[in-house]
Every structure is written in C-alpha cells, then in structure tokens.
Protein chains: 2
Amino acid sequence: MARVSQSEMAVLGALSVRPMTGYAVREAIRTVLGHFWNESYGQIYPTLTRLHTEGLLDRHGGERSGSMTYSLTTAGRARLSELLRQPESPRPERNGLLLRLFFGRELGVDACVELVQAAKVDAEQRLANYAAIRATMATEEEDRAHHPFWLLTVSAGEHGARATLAWADETLRTLRGLAAN
Amino acid sequence: MARVSQSEMAVLGALSVRPMTGYAVREAIRTVLGHFWNESYGQIYPTLTRLHTEGLLDRHGGERSGSMTYSLTTAGRARLSELLRQPESPRPERNGLLLRLFFGRELGVDACVELVQAAKVDAEQRLANYAAIRATMATEEEDRAHHPFWLLTVSAGEHGARATLAWADETLRTLRGLAAN
DNA sequence: TCGCCCACCTATCTGTTAGATATTTCTGTC
DNA sequence: GACAGAAATATCTAACAGATAGGTGGGCGA
C-alpha cells in the first residue's frame, strides 16, 4: 500500500501544456507520452475529479454539450513541480517474455525461437515509431523549447529497442546452438 | 479487466523446480527470477490456495508447525505448459524517469542531471548483479540443463543496462549543452 | 432526409497487483 | 531466559488496466 499514485503527475503534466477535456488528456498522454507512459480512463477521470475538488484544477464547460475542460490552477502548477521533484519510485519488473524463456526447457526451443523473433519484430516497430516521432518534431514549430527534453525520452526508447535487437540476435544464435544438441 | 493474472504462471513455474512453502516460493521468485519478475505476498498466498483448491497443487505439512509445502500435480504441470504457450500480454509502460525528463523544462536542467546520474548508478549496479548471477551459475552443478535458458534472461538484462548507460552518457552531454545556453 | 459510423466525451466496473501490516513459531546467540 | 531475526501464513487497502456503457455531434451515403 506504499504505492503512491503516479497518475496525478501524468494528468497535471498533460494539463500543464494546455487546458483539455478528460478525453483530450487521455489522447494527449496516449499520443505524446505513449512511448513511455500509459494511463487508463479508470485513473484519468477519478483523478481529474479529485484534483478539481482539491483546487488544483479549474473546470468549465467545454465546446460540446456535457463536456468539461480542465486547466491548471496556480496551486496545481506548484503541485506538479513538487511531484516532479519527488524521487522516482522503481516499478517492479514483470517481463513475460523472459519468464517464458526462463522455463524454456519446459516450453521447447522452437517456441522460444518464435517468442524471440516476435520480440525482434516489436523492437523494429518501436524504432520506426521513434523515427516518426523525431520526424514530426522536426517539422513542428510549436513547443520548440521543450523538444530537447522530449527527444531524450525518444532516445531512451531507441537505445532500449536497439538493445533488444542485439540481444534477440544473440539469443537466436544461442537457441540454434541448443537445437543442434 | 482484460488483464489476466500472470501470477499463476510465476507460482506454478517456481514450484516446477521443487516443492516449497509459500514463503520459499516468494524467496525463490525474488532471488532467482527477481531481475525480471516480481511477485508480492498479496498474490502468492491467494494463488497458492486457489491452485490447490483447483487440484493443480498438492499440499502437505511442512517442516515447521503451521507451515505447508506445495508441489505440482500432473494437472498443474500441464497447466504451466499451457500458460507458457499463451501469448505474452504487453505490459503498459510507466517510466517515471522519462516522465520527469519530458517535463524537464519545468524541473530544471540540474535536477534532470541528477536523475540521469542516478539512473546510471542503478544501471551499473544491475550489471554487477548480473555478473554475480553468472558467477553463481558457473559454479552450480545443479539444474545445469536449465542454465542456457536462464542465461538468456541475464543477457537481456545486461543489454538493457548497457543501453541505459549509453543513453545516460548521451543525455548528460545533451543536458550540459542545454545548461550552457 | 434518414440512418449509420466515427470521433468526442463522461464515467464506472471488475479483476490484477504491490507492499505494508499483523501474527505466530523457531532458531541462534548472549 | 531473553531477544533478534528468519521462516511462515495471511489479509488489507490503494493503485491500476481496460472493457464497458451511455450520450452527443458531425459527416457521408443511400
């Protein structure tokens, strides 16, 4: 129960860019932060309501009937700053691919090969996605001052994807060796 | 709600190695799988009870009063095999470090530098841990047939840690450049 | 014009999970 | 014998995922 909600930081962060509806917050997180952060509706809406109740967000009618636009209050901006400064809490690992490979003798070499090849395809797709993000950012004039920081997150993903590819190639060689025995 | 429990696979997998108490299952997962999998007591005990009720585990008195040792039944072994063959479900990303760096302009370059340096230290510690795992495995005669598969998981961790180090160095250079502006 | 489809929008529900906490027993050491 | 730490069982509460439900508005095709 020592887990402290991280959703608040993500929601406040998204709204620090511009005022938005709950749906738009979800979309912004999915499209802009999506390569390293996820947030479900199950968290977004209760968080928005709570933060509004606590005075960290202003809420007024949106462009459509029934919609509401939220914006950061001064207190909300201060709260975001505070959250960003808090130590990062490590997230427990749960890597399903590695769990399956660990029990690879049970699973069989052929199935392992398939898993690793799938991981390779996934990593390649991720690299393509990062390239697309870079391309988009190169053409956007908006928020230019943020770009260097945003690109750090893309670079992290790229390094990770390349590591996965290198490991996958090595692993496929190892698995082939095992199959030959 | 489409999330399907992964704890069953971890618990059955651990017990496929040898019969254990609930506490020992937790320790085995923590010490042997811990570099890529985590499982809390909150899951382990209810899962053990459920799997026993379902006939996937046998349970008999342990060495100490009040303790219980669980072992895989034939049905349990078949169930593990089945679970290992199910497609891996991707785990949503939630990288607190990258979220902070994304809002690096808000946070400030100095704070970003500290975060990245901490990430570097962590990656180095992870590398040391992998080396220790390799060393331990080199001396153990037990379970030798499993070692190649287990080493694949260690190698994945090493590749990841090295990628983090490379990214961290690059990022520190970038941040220094930003600070100079 | 009408109906369908899709995007926008709000919100909840249920199952998975983390880790703190509580309690008890056993063992080793002083 | 007392104390500390490990072994052992189990639950509790909060965070979280994603499916689902319902509604509105606009565009497009028959």
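A, B, ... follow the sequence lines: proteins, then strands. Residue 1 opens every chain.
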Which residues share a side-chain contact (heavy atoms from CB on, under 4.5 Å) with A:R126, sequence neighbours left out: A:D122, A:A123, A:Y130, A:A161, A:T164
Qualifying residues under salt bridge (charged side-chain N to carboxylate O under 4.0 Å, His left out), relative to B:D58, sequence neighbours excluded: none
Separation of C:dT12 C1' from A:R26 CZ (nearest whole Å): 15 Å
Donor-acceptor pair under 3.5 Å, A:R3 side chain vs D:dA15 base: yes
Close residues, residues 83-102 of chain B, relative to DNA chain C [heavy-atom separation under 4.0 Å]: none
Least distance between heavy atoms, A:A156 atom then B:L98 atom: CB-CD2, 3.7 Å
Residues that B:E170 engages under side-chain contact (heavy atoms from CB on, under 4.5 Å), provided they are two or more places apart: A:S155, A:H159, B:R173
Residue pairs passing the salt bridge (charged side-chain N to carboxylate O under 4.0 Å, His left out) test where at least one lies in residues 36-57 of chain B, sequence neighbours excluded: A:R94-B:E39, B:E8-B:R50, B:R50-B:E54
Those residues that, when tested against A:E141, pass salt bridge (charged side-chain N to carboxylate O under 4.0 Å, His left out) (two or more places apart): A:R144
Closest-nucleotide ordering on DNA chain D, the 5'-leading residue of A:Q6 and B:Q43: B:Q43
Presence of A:S40 side-chain N/O under 4.0 Å of D:dA17 phosphate oxygens OP1/OP2: yes
Straight-line distance of B:T153 OG1 to B:F36 CZ, nearest 0.5 Å: 5.0 Å
Residues which pass salt bridge (charged side-chain N to carboxylate O under 4.0 Å, His left out) with A:R134, listed by chain and number, not counting sequence neighbours: A:E158
Axis deviation across the helix from C:dT1-D:dA30 to C:dC30-D:dG1, five-pair ends, to the nearest 10°: 10°
Phosphate OP1/OP2 of C:dT17: any B:N38 side-chain N/O under 4.0 Å: no
Counterpart residues, side-chain contact (heavy atoms from CB on, under 4.5 Å), relative to B:L115 (two or more places apart): B:L97, B:R100, B:L107
Partner residues of B:R30 under the salt bridge (charged side-chain N to carboxylate O under 4.0 Å, His left out) criterion, sequence neighbours left out: B:E27
Those residues that, when tested against A:S5, pass side-chain contact (heavy atoms from CB on, under 4.5 Å) (two or more places apart): A:S7
Side-chain N,O (B:S7) to OP1/OP2 (C:dT16) below 4.0 Å: no
Base versus backbone protein contacts along nucleotides 3-11 of chain C [heavy-atom cut-off under 4.0 Å; B, S, -]: -----BBBB
Protein-nucleotide distance (A:W37, atom CH2; D:dA17, atom C1'), rounded to Å: 14 Å
Atom pair distance, as rounded to whole Å: CD1 in B:I44 and C1' in D:dT11: 14 Å
Length of the line joining B:E8:CD and C:dT17:P, which is rounded to integer Å: 10 Å
